[in-house]
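The structure appears right after this line, and notes come after that.
Worth saying up front: this structure is predicted, and the values here are computed from it rather than measured.
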Amino acid sequence: MHNKPVLLVVAHGSRDPRHAATVHALVGRVRSLRPGLRVETGFLDFNIPSVHGVLESLAAEGVRDVVALPLLLTRAFHAKADIPAVLRDAPPRLRIRQAEVLGPSPLLLTALERRVYEAGLTPADKPSTGVVLASAGSTDPEAIAVIADIAREWWHTGWCAVRPAFASAALPRTEDAVRELRAMGCSKVAVAPYVLAPGFLPDRIARGAAEADVLADVLGPAPEVARVLLERYDTARVPALAAVGA
């Protein structure tokens, strides 16, 4: 029998095949970091297996404990509404705990910086470079405020300036933030997508980065992202283990 809860990574899903490929690459990295842990992936939409299908299969196998981890960077609509609704519809014999979303985390800032350096900048560029922290966007004010906080925190590590931008539902857009940083006098401008996988909105961010000097890659399967997943799993599973021992 499994003595550790199964980790179910709950991904959004997309018509863009790069999305699922990136999710699977990230989950592969999580498995490599913790070989003894069973990790499954379920999608809310567009891709298979569905979250419900994975939960049905786990219940049929006799699994009891599951930690469902939203593959999301902010606590917006999906984390607050969609995912809890899907989990409530799970087979009743499963004990499911919903882990926290991935962000914010110091490890994600490290991953953002890794992506910017991989795109061609060096630490010596920091004081003269402005960065656009470009997220997908949300109608949730809490999610928007968190992005602004992350931008402020990242700026304090030594960049010329860091400005948040959004691909949908909120302003400014990436291209406007790029122009603002130029107008402020930053000699270089980098766009760092604060998104996990490629898709429609990340493509919009990339188009908005046309006038930037550097466009970093999405976070994807960065090792820091995999470590955040395991941190969130460990935090969520502790109460589950306490319940088992009760």
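Residue pairs meeting the disulfide bond (SG atoms under 2.5 Å apart) criterion with at least one member in residues 111-189, sequence neighbours excluded: C160-C186. Sorted by first and then second residue, the pairs that involve residues 23-35 and meet salt bridge (Lys or Arg N to Asp or Glu O under 4.0 Å), not counting sequence neighbours, are R34-D234.
Looking at every heavy atom in both residues, L69 comes nearest to Y233 through CD1-N, 4.0 Å.
With sequence neighbours excluded, the residues that form a ring-ring contact (aromatic ring centres under 6.0 Å, His included) with H24 are F43. Here P84 pairs with R88, Q98 under the side chain to side chain contact (heavy atoms under 4.5 Å, CB included) rule; sequence neighbours left out.
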**OP:** Check the pair R179, D176 against salt bridge (Lys or Arg N to Asp or Glu O under 4.0 Å), reporting the backbone distance first and the verdict last.
**Re:** CA-CA 5 Å; R179 290 179 194 125; D176 296 323; 3.4 Å; yes
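Distance check, rounded to the nearest 0.5 Å: CG of N47 to OG1 of T41 gives 10.5 Å. Atom OG of S14 is separated from atom CG of D45 by 9.5 Å, given to the nearest 0.5 angstrom.
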Can you give each donor-acceptor pair under 3.5 Å made by side-chain atoms of residues 190-201, sequence neighbours left out, with the distance rounded to 0.1 Å?
none

Taking distance alone, no hydrogens or angles, what donor-acceptor pairs closer than 3.5 Å link side-chain atoms of residues 51-59 to residues at least two apart or in another chain?
from	atom 1	to	atom 2	distance (Å)
H52	NE2	E56	OE2	2.9
S57	OG	G53	O	3.1

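Classification of R114 and D217 as a salt-bridged pair fails, no side-chain N sitting under 4.0 Å from a carboxylate O. In this structure, R115 pairs ionically with E118, as a charged nitrogen and a carboxylate oxygen lie closer than 4.0 Å.
The side chain to side chain contact (heavy atoms under 4.5 Å, CB included) with V228 is formed by just one residue from the set P106, P223, S105; it is S105.
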